[in-house]
Amino acid sequence: MEEGTGPRKRRGVASLILLLAGAAALSGCLGPTTPLGAVDRPAGEGGAPCAAAESPGETAERAQIHFSPSYQRVHGPYTWQVAVVDPHAADRPDASRLRVFYNGLEVTESARFQFRVAYRPAAEGDREALLLEMPHLRLPPLDDHEIVVEYTPAQGRPLAARYPFPAVRDLGAEEALAGTDPFSVSPRVLEAVFEASRHYRLNPVLLAALIAQESSFNPHAVSKAKAIGLTQVTHLAERDIAPAFPHWPRYPGIERLSRSRLRALIPQAVHGGNEWRLDPVKSVWGGAHYLAYLRTRLTHERNRPKLGLGGEDEDRILAEACLAAYNSGLTRTLSWLSRHRGQWLDQDDAREARRYVRKILSFYGAFREEPAPLAWGEPT
């Protein structure tokens, strides 16, 4: 285990605007760069994306914007694709009608150089689509990324679509795990993920995402804190798990071994047969038990006021708090919550927790949908 987004976004946008003003005074060139390219102009100069945006795909006669993958990813670089269908275009959707915004700042001109542009031929009952692809998009996990694509159709109002970041709406939902790309996971481990999730009323996709972040599904992983196995249970966390599984094997004196010595002994001398954390199935069950234990502690009547539980954000707050506590410890997480409430993950002393939580949610978004690259047609 390693270690409300408003203030962070405002600070980031303010910094970009200040940098933009300084750059304009010196040279008149494009402003500072963002993950999508250089800033053209701040919001308010030349128009921001329309506030009352129509929902993509509402009817067959409205322009539509589709994203692939459906959610932002911050756990590594990836290829981002955008498809635009304009049913009123005389020939095909016009790329010049497209605008791109990042955290309220327009980055259209720079994005044009990064996008590969092509057209998807019209299929039966469908229309020709404008396809844009940005390879190797890298979104830093600590930052908020409000990405909006706006398209002005041949007829009608401009359409704006937000590219969302994944959020867990139900910590106990029985969601389908569509894939684990880029990790190759054994059926035995996947079965354990589903069985343990069902037993502890956990979301199996979220549990798989936690394992991806903790160990990259490497059953012999050893962290700097000497956490080991798929779910990277530390010696301290093991104390909370032990009462539930008293007969699981534990290697004598393992907590006194140095990290280098521990790595040298795994898996020849220390292995799943004499240390349960190195048994893939037991590791999954132990990690699931610990996550459920943290949920129980966080929802205790003494702690609920600190989480600000209640309302439509309750499940999201609880899921993020459980993940942060898994990584940073229950005491520190409760301290952040009690001092900062909804803005707790934005605090400077919670940076590692924020990075950890957002990476798991990124894997969660990736694992819950089958990768479906958009079909490419004629390049421009």
Side-chain angles (χ1 to χ4, degrees), residues 1 4-5 55 57 67-75 141 162-181 183 185 187-215 217 230-233 241 244 281 283-300 303-304 307-327 330 333 337 342 344-345 353-354 356-372:
M1 304 176 193
T5 59
S55 176
F67 300 120
S68 179
S70 300
Y71 298 96
Q72 296 178 27
R73 297 183 180 180
V74 297
H75 58 265
R162 250 176 198 84
Y163 186 35
F165 184 78
V168 178
R169 297 303 176 191
D170 189 348
L171 189 59
E174 295 185 16
E175 291 190 276
L177 182 66
T180 57
D181 187 68
F183 308 105
V185 185
R188 183 166 167 254
V189 168
L190 289 179
E191 183 180 3
V193 166
F194 282 105
E195 289 182 352
S197 298
R198 191 177 304 113
H199 180 82
Y200 291 110
R201 295 183 298 106
L202 294 171
N203 188 317
V205 185
L206 189 65
L207 180 57
L210 180 145
I211 296 171
Q213 172 59 24
E214 287 286 357
S215 65
F217 288 94
L230 285 180
T231 53
Q232 292 287 279
V233 173
I241 299 171
V281 172
S283 180
V284 170
W285 276 86
H289 175 85
Y290 188 58
L291 193 61
Y293 162 81
L294 293 170
R295 176 180 59 191
T296 300
R297 292 288 303 277
L298 286 165
T299 53
H300 190 278
N303 294 325
R304 289 183 70 87
L307 273 81
L309 293 180
E312 60 181 17
D313 288 335
E314 177 172 352
D315 289 318
R316 178 187 60 79
I317 294 172
L318 179 59
E320 292 176 353
C322 284
L323 296 176
Y326 192 100
N327 174 248
L330 182 63
T333 302
L337 286 162
W344 65 283
L345 270 181
R354 176 179 172 83
Y356 177 83
V357 168
R358 285 177 59 83
K359 280 190 174 183
I360 290 180
L361 294 179
S362 177
F363 280 121
Y364 165 78
F367 291 173
R368 70 197 297 258
E369 66 164 346
E370 192 69 40

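Given the structure is predicted, the values throughout are model-derived calculations rather than measurements.
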Could you list the donor-acceptor pairs under 3.5 angstrom formed between side-chain atoms of residues 171-179 and any protein atom two or more places apart in sequence or on another chain?
unit_1: E175; atom_1: OE1; unit_2: N203; atom_2: ND2; d: 2.6
unit_1: E175; atom_1: OE1; unit_2: Y364; atom_2: OH; d: 2.4
unit_1: E175; atom_1: OE2; unit_2: Y364; atom_2: OH; d: 3.4
unit_1: E175; atom_1: OE2; unit_2: R368; atom_2: NE; d: 3.1
unit_1: E175; atom_1: OE2; unit_2: R368; atom_2: NH2; d: 2.6

Run the side-chain hydrogen bond (donor to acceptor under 3.5 Å, both in side chains) test against [X] and tell me which residues pass, sequence neighbours left out.
X	value
S215	none
S70	E369
T333	none

[X] side chain near [Y] side chain, heavy-atom distance below 4.5 Å:
X	Y	value
D315	V168	no
T231	L291	no
L323	Q213	no
R354	W344	no

What heavy-atom pair brings [X] and [Y] nearest, and what distance separates the two atoms?
X	Y	answer
L361	E320	CD1-OE2, 4.1 Å
P166	Q72	CD-O, 3.5 Å
A321	L337	CB-CD1, 4.0 Å

So OG of S362 and CZ of F165: to nearest 0.5 Å the spacing works out to 5.5 Å
Taken to the nearest 0.5 Å, the spacing of L207 CG from W285 CH2 works out to 10.5 Å
Side chain to side chain contact (heavy atoms under 4.5 Å, CB included) test vs I211 passes for just one of T180, L230, I360, L206, namely L230
The side-chain contact (heavy atoms from CB on, under 4.5 Å) partners of Y293 (sequence neighbours excluded) come to D240, Y290, R297
Residue set satisfying ring pair (Phe, Tyr, Trp, His ring centres under 6.0 Å) with F183, at least two apart, ordered chain then number -> F217, F363
So side chain to side chain donor-acceptor pair (under 3.5 Å) across residues 187-201, not counting sequence neighbours, yields Y200-H289
